[in-house]
Amino acid sequence: MAGFRDPAKKHFPLTDISSVINLFKEQLEGPDEPNLALLSIVLGCIENTLTLNRAISTNEDDRLLRPIFPVVDLSTVDALYTKFETLVKGSVDLTKYTGTFSSRELVKKISDVIWSSLSRSFKDKAHLQSLYSFLTGNKLDCFGVAFGVVAASQLLGRNDIHLSLSEDHAWVVFGEDGTDTAEVTWHGKGNEDKRGQSIALSVAEKSWLYLNGHPVICDRNMEVAALVSAANPSINMMTDSIEMGALQQELLWLLYDKGHLLKYPMGLGNLGDLEEISPNPGRPPPLAIFQEAISSAIKYYDNHHVYPYTYMGGYLYRKRRYKEAIKCWAEASNVIRKFNYTREDEEIYKEFLEISNELIPNIVKAVSLNTTDRVQMNILYNPEVYGDILRFYDGICEWEEGSSTPVLHVGWAQHLTFSLNKFDPRTRAKIDVGKDEDEDGEKEENDENDNESEARLKEELKTDNRNKLLQSKEGKDPLKTVLEDLKKEDSS
Ligand SMILES: CC1(C)CN=C(N2CCN(c3ncnc4sc(C(F)(F)C(F)(F)F)cc34)CC2)S1
């Protein structure tokens, strides 16, 4: 039967944020499953109007006078929905797939239907994540293809096919107990797509990209949360659409209130970022939302997600709460150390590189220049902060250990030593790299020679870095020697 169900039609034309909220609310409250294709077309249509080819008016009164929210007509949405339905139902002969549960062949076929309709133009532009983009421009990004496969599956009545999300990739789960997996889209640049394959081999590599078997596995409501979270309010590098951001924020609160962000740390992170930009009185502050994302990752994903800590760390850094930001980054590093670095993990490599080579050096520079602010200055005399920076680097060393691809190079060591050298030597002598516990479990007191050896090591750190850097020229990596020394000290 062509077209989407009547109850949704009464909301049209959509003329403002609240009419969109009411449509989503009714879709989420049932009795039927939310219609992924309908909601993706609607949100994509609004995003497209609010962010693409917009004449940016300079004077304020022009903006005040011009109603900016686009009217979304039923005819537009109905035509696009019918186009999608015709394409999907016309391309997949369901009589060939009779099982109660979906087969890998069916999943591959649905992926081929989306895949073969795509134009060849480059796909890492913004606003290519919705079915509106697919149906009006034959363009989708990596997430959009995976989402499109799930929306098409829903149209075909295949309710066992669901979206599975890592922090930088998407695939689908299907089958009797929902544990079969299949690639349905590509990842990154210059990587052959593995569409149709199970992800089992990739998971075995222990790469961050597949989260070691801890991805976000969506139900239909969480698939709505993913399409809302993937919306992109940016007009250009400098400007976001206020209306699109407000709509995304209200939709995320609607999903939050219904519990559909509980197991979706990145959805919570996106909501925290939006609350920082435009706080809702009476809602939890950004920090509390980021904490919920961290707690969700700990509770549901065995603390294998990095982004909850970098969401919070980035926020604290922007608020100049540097001590707490560095602690978050040490916690992020405590997660990445559980993985082996592989070539498709570039996104998270860039994240840690920025923290190590830009954000932490900026902090130690800022606090050593700004001697007036006692609180900030204390950072360089705070053994906990120093310890967190060492933990941050130690996690990255452990990430590299056992990996097929090296992570660290001398640039890392240069930034590491720059940052560590800014700390007062006495502070560096104070840190406890985690002494062995004596028999009754108490941390054993640092006895005299330990202190001496640590002080000596700190001195060595301070004076000998030049040689260590030179050493690295012969391929020996100073960073690892530094931390291996620390670990040797620890075990002696
Ligand atoms: C702390 C940060 C650097 C700030 N933004 C971050 N985002 C922004 C939004 N984002 C996301 N936000 C919601 N859901 C998803 S699903 C997903 C993905 F699985 F990788 C996909 F689908 F392949 F693109 C990505 C992603 C990716 C991570 S991490």
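Side-chain atoms are counted along with the backbone in the values below, which use heavy atoms only and exclude waters and symmetry mates. Ligands are counted one by one from 1 in listed order, and the atoms in each one are counted from 1 as well.
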Query - Within 45° cone of Trp115 ring axis and under 6.0 Å: Arg195 NZ or CZ - result: yes
Table of N or O contacts for ligand 1, cutoff 3.5 Å:
{"unit_1": "ligand 1", "atom_1": "7 (N)", "unit_2": "Tyr311", "atom_2": "OH", "d": "3.4"}
{"unit_1": "ligand 1", "atom_1": "12 (N)", "unit_2": "Asn270", "atom_2": "ND2", "d": "3.2"}
{"unit_1": "ligand 1", "atom_1": "14 (N)", "unit_2": "Tyr264", "atom_2": "OH", "d": "2.6"}

Query raised in the report: If you draw a 6.0 Å radius around CD in Glu192, do more than 12 non-hydrogen atoms from other residues or ligands fall strictly inside?
Result: no
Report task. Measure from the ring center of Phe101 to the ring center of Phe174 and say whether it is less than 6.0 Å. Result -> no
Query - Centroid separation His169 to Phe143 less than 6.0 Å - result: no
Report summary line: salt bridge (charged side-chain N to carboxylate O under 4.0 Å, His left out) pairs touching residues 159-183, sequence neighbours excluded, are none
Report task. Specify whether Phe4 and Phe12 have parallel, tilted or perpendicular ring planes, treating 30° as the upper limit for parallel and 60° as the lower limit for perpendicular. Result -> tilted
